[in-house]
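Count residues from 1 along the sequence. For the numbers below, each heavy atom of this structure counts, side chains included, while hydrogens, waters and symmetry mates do not.
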Amino acid sequence: MSSPRPRRGRAARLNARAATPSASLPALSEERLTEMGLEPPEKKTGRILLIACGALAREILDIKAANGLDHLDLTCLPAKLHLYPDQITEQVEIAVQRHSATYDQIYVVYADCGTGGLLEAKCRDLGVEMIPGPHCYSFFEGNDRFEKITEAGEITAFYLTDFLVKQFDAFVWRPMGLDQNPELRGMIFGNYTTLVYQSQIEDPALMDKARDCAARMGLAFEHRHTGYGDLEASLKHWSASSFG
């Protein structure tokens with residue numbers, strides 16, 4: 001069964017919804033997604049589960065809503081695992097084993113994310129499919145396009161997504177010690193020239209904050225509105241293939 005076609009005006013509705021917190025998800029804050037992730041719903045709406053990074057929760061929920069993918073349930077691991085990529089593979093394995101008795105089909109919404117191919121190998125062993133790409137910057141841009149711009153020389157860019165703009169201090173500034181030692185900025189970012197903000201939604205407040213992040217890092221600023229890129233395509237493909 002194919003996924004329902006998006007209604008007209010979808011982009012405008014997504015932007016409006018993303019700009020204000022959803023009334024049905026009062027506890028879905030970036031801080032909570034960073035530290036705790038997202039538990040699966042108590043009421044199972046389908047036999048398909050997405051196990052995702054907490055940094056992708058809002059985007060996945062918007063894609064689900066826009067495309068009528070209510071039969072895909074979602075749970076997220078804490079986004080802070082990206083600070084410890086050696087733990088991602090183990091935590092994904094635990095989550096797959098935890099939910100395999102409840103769901104007929106499980107998909108892993110992580111790219112490689114610094115695991116050096118270990119996550120891909122583990123997913124293959126577990127018999128679950130994961131989203132292709134080296135990291136979320138690539139699949140938001142579109143993996144094919146990201147590979148081309150990298151080969152064309154974009155190797156001195158520092159990337160931020162909507163989530164990382166919101167959580168810049170938690171994921172960049174404090175872990176790198178710049179809150180206590182700002183003089184390290186040149187040493188840490190000396191090989192970068194540009195901060196590329198890949199926006200998923202159009203939000204002037206996030207744009208301003210992304211520009212501020214670039215200024216704090218001493219980098220030129222570039223904005224590319226990627227939308228959801230290959231993430232949306234993957235979710236729609238998984239939905240269709242699960243019922244094919």
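- Taking NE2 from His225 and CZ from Phe140, the interatomic distance works out to 11.0 Å, rounded to the nearest 0.5 Å.
- Here the side chain of Asp112 pairs a donor or acceptor atom with the backbone of Thr115 at under 3.5 angstrom.
- By the 4.0 Å N-to-carboxylate-O rule, Arg98 lies close enough to Glu39 to be salt-bridged with it.
- A parallel orientation is assigned to the rings of Phe221 and His223, their planes being inclined by less than 30° (bins at 30° and 60°).
- Between Tyr159 and Phe146, the distance separating the two ring centers is shorter than 6.0 angstrom.
- Following chains of ILVMFWY side-chain contacts shorter than 4.5 Å, one cannot reach Val109 starting from Leu77, and the two form parts of different hydrophobic clusters.
- Atom CG of Asn191 sits in a sparse spot, with 12 or fewer heavy atoms from other residues, nucleotides or ligands closer than 6.0 Å.
- The NZ atom of Lys166 lies 10.0 Å from the CD atom of Glu31; values are rounded to the nearest 0.5 Å.
- When only modelled atom types and interatomic distance are considered, Gln198 and Thr161 share no side-chain donor-acceptor pair under 3.5 Å.
- In this structure, a donor-acceptor pair under 3.5 Å is absent between the side chains of Thr75 and His99.
- Annotation: side-chain contact (heavy atoms from CB on, under 4.5 Å) contacts of Pro132 (sequence neighbours excluded): Asn143, Ser234.
- Ion pairing between Arg216 and Asp169 holds under the 4.0 Å rule for side-chain N and carboxylate O.
- A side-chain donor-acceptor contact under 3.5 Å links Ser100 to the backbone of Gln97.
- A ring-centre distance under 6.0 Å is found for Phe158 and Phe189.
- For the atom pair OH of Tyr228 and CD1 of Ile63, the computed distance is 6.0 Å after rounding to the nearest 0.5 Å.
- With respect to the salt-bridge test (charged N to carboxylate O, under 4.0 angstrom), the residues Lys122 and Glu90 do not qualify.
- The number of heavy atoms from other shown groups lying within 6.0 Å of CD (Glu120) does not exceed 12.
- Heavy atoms of other residues, nucleotides or ligands lying less than 6.0 angstrom from NZ of Lys148 number 12 at most.
- Rounding to the nearest 0.5 angstrom, the gap separating the CE atom in Met130 from the SG atom in Cys113 is 7.0 Å.
- Distance check: Leu126 CG to Thr89 OG1 gives 10.0 Å after rounding to the nearest 0.5 Å.
- Taking the charged nitrogens against the carboxylate oxygens, Glu93 and Arg124 have no contact shorter than 4.0 Å, which rules out a salt bridge.
- Within a 6.0 Å sphere centred on CD1 of Ile188, heavy atoms belonging to other residues, nucleotides or ligands number more than 12.
- Within a 6.0 Å radius of CE in Met36, no more than 12 heavy atoms belonging to other residues, nucleotides or ligands are found.
- Expressed to the nearest 0.5 Å, how far CG of Asp230 lies from SG of Cys136 amounts to 12.0 Å.
- Surrounding CD of Gln180 are at most 12 heavy atoms belonging to other residues, nucleotides or ligands under 6.0 Å away.
- Formation of a donor-acceptor pair under 3.5 Å by the Asn67 side chain with backbone atoms of Leu69 is not found in this model.
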